[in-house]
Number of protein chains: 2
Amino acid sequence: MLLSTKGDYGVRAIIDLAKHEGEGPVQRAEIARRRQIPEAYLDHLLAQLRRDGFIRSTRGPAGGHQLAKPADEICLLHLLESLEGSLAPMQCLENDDPEDEAICGQGWVWQEIYDDMRAKLAATSLSDLASHEREHERERATAARYVI
Amino acid sequence: MLLSTKGDYGVRAIIDLAKHEGEGPVQRAEIARRRQIPEAYLDHLLAQLRRDGFIRSTRGPAGGHQLAKPADEICLLHLLESLEGSLAPMQCLENDDPEDEAICGQGWVWQEIYDDMRAKLAATSLSDLASHEREHERERATAARYVI
DNA sequence: GTATTGTCGACCTTTCCGGTCAACATCGTA
DNA sequence: TACGATGTTGACCGGAAAGGTCGACAATAC
């Protein structure tokens with residue numbers, strides 16, 4: 001049931017782009033360093049995000065990657081479906097094959113869970129993720145100050 | 001994100017036992033045939049369910065498997081956690097490691113989804129699954145009658 | 001004691017995940 | 001216009017886990 005690293009790393013990466021929105025292209029190497037993702041592997045994730053129109057990339061010196069549209073027009077559901085493929089927890093939720101459904105047994109329970117999940121992911125935008133992270137950093141910073 | 005076949009097959013199998021509750025032991029071969037599960041593989045799933053006290057088995061001629069407690073005292077959450085291990089969609093939801101959480105980015109969204117999911121699975125009992133299946137069969141039967 | 005069932009663990013095969021690499025395209029700059 | 005920095009792409013690889021098989025053994029009814 002685990003999300004694969006594609007979804008995890010890929011979203012981390014694009015959050016990084018969101019946090020540097022408006023500052024020009026961000027290089028692969030920078031993202032990889034800040035988010036602790038192998039550089040070569042990050043390539044594939046960025047390529048996928050580009051294919052699906054979430055980011056655009058510029059080559060050459062001072063090139064890099066940036067969001068292709070505003071962060072609040074990108075939702076987590078679409079990102080994850082781009083990176084991971086379908087998120088369905090059971091095959092029988094995708095085929096309309098009634099044969100499958102007949103033998104499935106627990107499919108109807110997962111259908112509800114799946115619907116709720118998609119709704120929640122669709123309601124979460126990239127800017128939500130970015131601002132949540134900023135919030136989190138601020139908390140940690142003040143916490144650290146008190147400890148010292 | 002897919003549930004593995006363990007969770008799928010294993011639940012199918014125990015639903016079968018629930019539907020034959022009170023009729024004495026059900027043989028592995030019968031379950032395998034009705035639910036389309038490789039017989040040798042089914043062994044492992046039944047073994048796991050036995051280890052965790054959901055079913056009990058009797059050897060020898062006319063032996064087989066049956067529920068160890070009433071179907072409405074067994075919930076889907078416990079079944080799946082027995083068969084699949086943890087259902088957490090991200091690692092960072094299980095470790096309490098704050099390091100992880102700091103870099104995770106989308107963990108907080110999945111925490112909510114995970115909680116909802118567990119609640120729903122905990123609220124679904126094995127007898128719910130069995131009666132839902134009976135209902136489904138009845139519908140198909142009447143539908144077929146009309147078609148003919 | 002024999003046939004019938006379940007029990008257990010070793011083993012095999014296939015698939016896919018995570019990751020690397022090399023060859024290439026594109027662009028800025030001197 | 002040549003060079004170097006960057007992104008682009010697809011082939012490739014190793015290892016782990018999933019899915020499944022097999023064989024030897026234990027218990028029980030008859």
| 5′-ward residue of the pair B:Y41/A:G64 relative to DNA chain D | A:G64
| request: Using whole Å, report how far CD of A:Q27 lies from C1' of C:dC27. | output: 13 Å
| request: Could you say whether B:T5 or A:V26 is positioned toward the 5' end of DNA chain D, judged by the nucleotide with the nearest heavy atom to each? | output: A:V26
| Under a 4.5 Å cut-off applied to non-hydrogen side-chain atoms, are B:K120 and A:D116 in contact? | yes
| For B:R28, which contact category applies under a 4.0 Å heavy-atom criterion: base, sugar-phosphate, or nothing? | base
| query | For DNA chain C, whose closest nucleotide is more 5', that of A:L42 or that of A:T58? | reply | A:L42
| field | Spacing between B:L83 atom CG and D:dA18 atom C1', to the nearest angstrom | value | 14 Å
| Should the ring pair A:H44 and A:Y41 be called parallel, tilted or perpendicular, given that the plane angle runs from 0 to 90° and is split at 30 and 60? | perpendicular
| field | hbond_proxy B:H44 side chain to C:dT7 base (donor-acceptor, 3.5 Å cutoff) | value | no
| Counting any heavy atom closer than 4.0 Å, what does A:A40 reach on the DNA or RNA strands: base, sugar-phosphate only, or nothing? | base
| field | Integer-rounded Å distance: D:dC25 C1' and B:R59 CZ | value | 8 Å
| task | Let me know the distance between CG of B:L46 and C1' of D:dG20, rounded to the nearest Å. | result | 15 Å
| In whole Å, what is the span from the CG atom of B:L2 to the P atom of D:dG19? | 9 Å
| Quick one: are A:R56 and A:Q66 in side-chain contact, heavy atoms under 4.5 Å? | yes
| query | More 5' along DNA chain C: A:P38 or A:K6, using each one's nearest nucleotide? | reply | A:K6
| task | Answer yes or no: does a side-chain N or O of A:R51 lie under 4.0 Å from OP1 or OP2 of D:dT8? | result | no
| query | Which residue, A:R35, A:R12, A:R138, forms the salt bridge (charged side-chain N to carboxylate O under 4.0 Å, His left out) with A:E133? | reply | A:R35
| query | Looking at B:Y9, does any N or O in its side chain come under 4.0 Å of the phosphate oxygens OP1/OP2 on D:dG20? | reply | yes
